[in-house]
Amino acid sequence: MAFSRISLMLGCFIVAISLLSGATTATQYTVGDDFGWNLPPNDTFYQTWANNKSFVVGDKLVFQGTGQTFADVSEEEYNNCTNPGLVIGVTTAVTYNFTKPGAYYFVGTVDDNCQQGQKFEVKNVTGNAIVDAPPAGFAPKAVTSFGGAFVGVVLAMLFLS
């Protein structure tokens with residue numbers, strides 16, 4: 001009887017861990033790593049940096065550079081190094097959030113920095129779109145019900161076996 005109780009508890013523990021392991025957390029990336037967002041040493045520097053990453057919805061890009069700017073642009077603007085007019089200045093650091101799956105295109109907008117390689121594209125952002133946060137104190141019924149049901153099952157197994 002004690003062995004089956006332990007087996008049942010171990011089984012529930014494994015199920016709980018497997019349910020929770022599906023959750024992912026956002027990662028924060030500094031664009032260009034230690035080099036930051038500056039005029040690159042070659043025209044493939046930032047694209048090589050981006051190609052070595054797997055981005056998901058919720059991840060954050062931190063643009064760090066002195067006197068640099070960037071813009072989130074369309075694919076056409078990216079390919080042509082078009083300055084879109086809406087420019088984000090980087091005085092110390094600016095954070096950009098991936099909010100939906102799909103492709104993203106970034107260009108440097110100072111002088112001819114884009115033509116010199118201060119640009120990169122991310123075509124593989126995966127995951128579900130982020131929706132607006134619910135009001136404070138709001139708890140979705142599915143989460144509450146699952147948590148309560150799980151605790152109830154574990155308690156029942158411990159005390160009713």
Rounded at 0.5 Å granularity, tell me how far [atom1] in [X] sits from [atom2] in [Y].
X	Y	atom1	atom2	answer
C114	N79	SG	CG	9.5 Å
F35	N38	CZ	CG	5.0 Å
L39	Q116	CG	CD	4.5 Å

| Any pair counted as salt bridge (Lys or Arg N to Asp or Glu O under 4.0 Å), so long as it reaches residues 27-43, sequence neighbours left out |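 Every candidate salt bridge (Lys or Arg N to Asp or Glu O under 4.0 Å) pair involving residues 27-43 fails, so no pair, neighbours aside, qualifies.
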Looking at every non-hydrogen atom in both residues, tell me the closest pair between [X] and [Y] and how far apart they are.
X	Y	value
T109	A71	CG2-CB, 3.9 Å
K60	T95	CB-CG2, 3.8 Å
K53	N124	O-ND2, 3.9 Å
G127	P101	O-CG, 3.2 Å
T69	W37	O-NE1, 3.0 Å
C81	Q115	SG-N, 3.6 Å

| Heavy-atom check, side chain of T30 versus side chain of Q64, under 4.5 Å |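 T30 vs Q64: side chains touch.
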| field | Minimum side-chain heavy-atom gap Q68-N113 below 4.5 Å | value |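 Yes, close enough: below the 4.5 Å cut-off.
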| message | So for atom CD, which belongs to E76, do other residues, nucleotides or ligands contribute more than 12 heavy atoms lying within a distance under 6.0 Å? | response |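 It does not: E76 CD has 12 such atoms or fewer within range.
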| Parallel under 30°, tilted from 30 to 60°, perpendicular over 60°: which one fits the rings of F70 and F63? |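 The rings of F70 and F63 lie parallel, inter-plane angle below 30°.
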| Taking it one step at a time, do V31 and F120 satisfy side-chain contact (heavy atoms from CB on, under 4.5 Å)? | CA-CA 10 Å; V31 176; F120 66 98; 3.7 Å; yes
| field | Check: F106 ring centroid to Y46 ring centroid under 6.0 Å | value |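 Centroid separation for F106 and Y46: 6.0 Å or greater.
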| V57: which of V125, N97, N128, T126 passes side-chain contact (heavy atoms from CB on, under 4.5 Å) |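 Per the side-chain contact (heavy atoms from CB on, under 4.5 Å) rule, the option paired with V57 is V125, out of V125, N97, N128, T126.
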| request: Run the salt-bridge test on K119 and E77 with the 4.0 Å N-O cut-off and return the result as yes or no. | output: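 Between E77 and K119 there is no salt bridge, as every charged N stays at least 4.0 Å from the carboxylate O atoms.
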| query | Between W49 and V62, is there a shared hydrophobic cluster once you connect ILVMFWY residues whose side-chain heavy atoms come closer than 4.5 Å? | reply |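 Cluster IDs for W49 and V62 differ.
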| query | Under 4.5 Å between side-chain heavy atoms, hopping through other hydrophobics if needed: is there a path connecting Y104 to Y29? | reply |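 Linked within one cluster.
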| task | Ignoring hydrogens and angles, tell me if any N or O in the side chain of D59 forms a donor-acceptor pair with the backbone of F55 under 3.5 Å. | result |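 Side chain of D59 to backbone of F55, a donor-acceptor pair under 3.5 Å: no, none is there.
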| said: Tell me if a side-chain donor or acceptor on Q47 pairs with a main-chain N or O of E121 at a distance below 3.5 Å. | reply: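 At least one qualifying donor-acceptor pair exists.
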| message | Starting from V107 and following side-chain heavy-atom contacts under 4.5 Å between hydrophobic residues (I, L, V, M, F, W, Y), which residues can be reached? | response |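 Answer for V107: V73, Y78, Y105.
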| query | Going by distance alone, is a donor N or O of one side chain under 3.5 Å from an acceptor N or O of the other, for N42 and T44? | reply |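 Checked: N42/T44 side chains pair up, N/O donor to acceptor below 3.5 Å.
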